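Below is one structure, written out as structure tokens, with a few remarks after it.
Just so we're on the same page: letters track the sequence lines, and every chain starts at 1. Computed from a predicted model, the values in this text were never measured in an experiment.
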Amino acid sequence: MSASGADRGLRGRTAVAGVGETTYYKRGQSTDPEFVLVVKAILAACEDAGINPREIDGFCSYSNDRNAPARLANALGLEELRYSNMQWGGGGGGAAAVVQNAASAVHAGSANVVVAYRGLAQGQFGRFGQGGRRPAVRGEFAYTLPYGVMSPAQMYAMRTTRLMWEHGIDRSTMRAVALAAYHHAQNNPRAVMYGRPLDAETYDSSRWITEPFRLYDCCLENDGGAAMIVTSAERAADLSDTPVLVLAAQQSGGHRSGAWVHNPTDYATSSFKLGAQHLYEQAGVTPDDVDVVQSYENFTGAVVMSLIEHGLCTYENANEVLTFENLRADGGSIPLNTSGGNLAECYMHGLGMQIEAVRQVRGDSTNQVPNVNVSLSNAGPMVEIASTAIYGTAEVLG
Amino acid sequence: MSSLAEGTYLPEGLTQPAPMRDGMDAPYWEGTHEHELRVQRCADCGTHQWGPDWVCHACQSLNVEWVTVEPTARIYSWQRVHHPVHPALADHGPYIVVLVELPHADNLRMLGNLLGDLMADIVIGSDVEAVFEDHDNGNPPYTLVHWQATRS
Ligand SMILES: [Zn+2]
């Protein structure tokens, strides 16, 4: 028996039978309430899967999603609710963890059709980047907010400063991540930045948010809903000739990764160093087998960390390998963020990037990479618990 | 170690800090108000710990004490904030945040503002010392800890 437990693992046991999303809106512009966004996304995913919504018997979400399973089950008229699960942790670190949690529930027989979902309507509930307005702040924020550190960019900038200093990562490498996302969004009509291309000069002259982040290093803020239907591999094979298998899904936190006031033992990390090992062992693939990558951009520097920590390049060669040419779906060696990702498609807290990874296996991405068998999508780099999923075809199982 | 001669680094109006309601980190804030830098140290294994918690992360002992440490450090990382998000900072220019490490306390890290030239080159590894900034009109009054280049 392996130390990581990969031999009892998820490899090929479950599948994503359907994906769905609402229209993606600029922040505050959704005409639908957040709950309605979630319902619409779930119904779209069911239709995509060819599954009656009343077959859903489980729900998984993350980041304290406000739309609770009991309300959703009531609204959808479910006969039975067998499984509900909330992934702890802020930010988008749970976007692949919900796939792990849903797949684990299905594999264990706890439920048969589990929906992983996320809804965001910041116009109704307040923005992420705006900091606190309370009379007194306690806990970890007491040590950061009075010094002007309250937005996500301010909370994570210093990890990127440290990455650049320790490993000589160039600004041009971070720029390539932004250019690839915007390039792909130009082919994706769902993308908020569809029709709004970005060039290197515009990136270079964009305003500082907080050094080392310029405007285009930072994710969008959006309204929308997204959902994925996870079921058994057997059921998925009945629904589709080419089911998208979950090869692995893994949460990842390191030693004291949640330590307050920037005290994780390893600081300039995306939090994936340990989880990536388990992930590949569980999937039975290596980084060389990965055909296409969705790497969560809260900030471009975090993508560089994530790609290195997933073994897709090294600290030494990152500046040479992570170029715009190499990151493009059309001919690049590491096609990256092929929907436009959080920078240019939509900031759906990363669930949209899981959906894009599934579409790449199905062959219906707007920036389709040829012959995808192994598709990786990570979530929430630098947060205390990040996560990654690998999706693939039955061919990978051999 | 010194105090700010006048004014505060960031304008008034930011949310003020307060100890946890269970009292876990109250000694830190009592210390800053007395212009002392206090951190946790395990009475059993001697490990310094930050951020604070009820338990020593090195040996799981609940016998965690507060000790006063020399308020000197070196810069570990930094950012220069150009786009503030709080209304109290709306018309405020850039400000610098540093993450410093305390070599004499197991390299634990603390965060504060870096006093001095706003557009200076900031050198990771350079020596800094604490500056205590009193907010006497807080409710209750409180003291923040900033950093400035060590005067040789
Ligand atoms: Zn101890």
>> Let's test your reading of the structure: which of B/Pro84, B/Pro94, B/Pro52 forms the most heavy-atom pairs below 4.5 Å with chain A?
In response: B/Pro52

> What residue in A/Thr160, A/Thr144, A/Ile209 has the most heavy-atom pairs under 4.5 Å with chain B?
Replying inline: A/Ile209

>> Looking at A/Arg27 and A/Asp223, is there a salt bridge between them, counting it only when a charged N and a carboxylate O are closer than 4.0 Å?
In response: no

> Yes or no on side chain to side chain contact (heavy atoms under 4.5 Å, CB included) for B/His83 and A/Thr210, after CA distance, side-chain angles and deciding distance?
Replying inline: CA-CA 6 Å; B/His83 178 67; A/Thr210 180; over 6 Å; no

> Do B/His146 and A/Tyr147 have ring centroids that are under 6.0 Å from one another?
Replying inline: yes

> With respect to A/Phe213, which candidate in A/Tyr156, A/Phe299, A/Tyr203, A/Trp208 satisfies the ring-ring contact (aromatic ring centres under 6.0 Å, His included) definition?
Replying inline: A/Phe299

>> Using a 4.5 angstrom heavy-atom cutoff, name the option from B/Tyr95, B/Tyr76, B/Trp29 with the most pairs to chain A.
In response: B/Tyr76

>> Counting only non-hydrogen atoms closer than 4.5 Å, does B/Leu10 touch chain A with its backbone (N, CA, C, O), its side chain (CB onward), both, or neither?
In response: side chain

>> Need one label for A/Ala153: side chain, backbone, both or neither, based on atoms under 4.5 Å from any heavy atom in chain B.
In response: backbone

>> Closer than 4.0 angstrom, basic N to acidic O: yes or no for A/Arg171 and A/Asp217?
In response: yes

> Relative to chain A, which of B/Leu89, B/Val145, B/Ile96 shows the most heavy atom pairs under 4.5 Å?
Replying inline: B/Val145

> Which answer fits A/Trp165, side chain, backbone, both or neither, if we ask what part of it has an atom under 4.5 Å from a heavy atom of chain B?
Replying inline: side chain

>> Quick check on ring-ring contact (aromatic ring centres under 6.0 Å, His included): which of B/Trp66, B/Tyr142, B/Trp50 does B/Tyr28 satisfy it with?
In response: B/Trp50

